[in-house]
Amino acid sequence: MSEILTCRTQMRRWQGERGTYHLVAITGEDAQAIAMHERLLRLELGARRGFGSVKVFASIGDTRWKSSVFPQSKSSEWILLVSKKVLRAEELAEGDTVMVQLELL
């Protein structure tokens with residue numbers, strides 16, 4: 001059975017060497033729940049996924065997609081990248097507050 005988390009967070013923009021990315025950061029109790037899920041998976045599988053990521057079904061508004069969340073190495077937050085397709089479909093921009101639902105897989 002998968003766990004479902006719902007959190008309110010702010011849309012961020014990050015400029016990288018290869019382009020601009022939009023993302024949301026998952027913090028607090030929701031981040032702790034993802035970290036525990038990742039630890040349990042690592043114990044069960046005996047290995048870690050790339051970058052310590054966790055597969056999810058993510059939803060913002062009416063848009064749902066399969067993705068992964070990635071841990072930030074120097075903090076206790078997890079990052080979910082949000083594609084341009086989702087930004088357009090939900091009419092989102094940097095700084096918008098969004099409700100994100102994550103189904104941990």
Side-chain angles (χ1 to χ4, degrees):
M1 186 167 133
S2 58
E3 184 174 357
I4 296 177
L5 306 173
T6 302
C7 59
R8 181 180 297 276
T9 186
Q10 193 171 41
M11 185 66 58
R12 296 183 189 174
R13 182 178 162 266
W14 183 75
Q15 183 67 47
E17 290 180 17
R18 294 185 173 183
T20 301
Y21 301 90
H22 286 83
L23 54 93
V24 293
I26 312 302
T27 59
E29 290 180 11
D30 293 316
Q32 290 174 3
I34 296 169
M36 181 58 72
H37 184 84
E38 190 275 332
R39 282 188 216 107
L40 291 172
L41 282 176
R42 192 171 359 130
L43 286 171
E44 182 181 321
L45 301 175
R48 218 177 169 184
R49 289 193 74 238
F51 305 104
S53 65
V54 173
K55 289 183 181 182
V56 297
F57 272 119
S59 299
I60 297 176
D62 293 329
T63 307
R64 180 175 161 94
W65 71 101
K66 190 171 185 177
S67 187
S68 295
V69 290
F70 300 90
Q72 287 292 90
S73 59
K74 296 180 181 178
S75 68
S76 59
E77 65 183 22
W78 290 74
I79 300 299
L80 171 69
L81 294 175
V82 180
S83 71
K84 289 180 183 179
K85 180 179 173 182
V86 175
L87 293 173
R88 282 191 297 268
E90 297 299 325
E91 299 179 354
L92 298 173
E94 177 184 7
D96 287 350
T97 299
V98 296
M99 287 296 288
V100 178
Q101 186 176 70
L102 298 175
E103 180 182 350
L104 306 180
L105 304 175

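Side chain of Q10 to backbone of G95: a donor-acceptor contact under 3.5 angstrom is found.
Rounding to the nearest 0.5 Å gives a distance of 11.5 Å between CG of L105 and CD of E3. Taking OG from S59 and CZ from R64, the interatomic distance works out to 5.0 Å, rounded to the nearest 0.5 Å. Note that CG of L102 and CD1 of I4 are 10.0 Å apart. Values are rounded to the nearest 0.5 Å. Summarising the geometry, atom CG belonging to D96 is positioned 11.0 Å from atom CD belonging to E90; distances are rounded to the nearest 0.5 Å.
Linking ILVMFWY side-chain heavy atoms closer than 4.5 Å, directly or via other members, places I26 and W65 in a single hydrophobic cluster.
Contact detail for A31 and S76: the closest heavy-atom pair is CB-O, 3.1 Å. Among all heavy-atom pairs drawn from L5 and D30, the shortest one is CD1-O, 3.7 Å.
More than 12 heavy atoms of other residues, nucleotides or ligands lie within 6.0 Å of CE in M99, so this atom counts as buried by the packing criterion.
The shortest distance between side-chain heavy atoms of S67 and L80 falls below 4.5 Å. Counting heavy atoms from C-beta on, the side chains of V24 and L81 never come closer than 4.5 Å. Annotation: side chain of V54 is in contact with side chain of W78 (closest heavy-atom distance under 4.5 Å).
Counting only N and O atoms by type, the side chains of T27 and E77 include no donor and acceptor under 3.5 Å apart.
With L41 as reference, H37 is the one residue of R39, H37, E38 to meet the side chain to side chain contact (heavy atoms under 4.5 Å, CB included) rule. Considering L87, V100, V98 as possible partners of V82, the one that fulfils the side chain to side chain contact (heavy atoms under 4.5 Å, CB included) test is L87.
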Let me have the donor-acceptor pairs involving side chains of residues 15-23, under 3.5 Å, with sequence neighbours excluded, atom names and distances please.
unit_1	atom_1	unit_2	atom_2	d
Q15	OE1	R13	NH2	3.3
Q15	OE1	T20	OG1	2.6

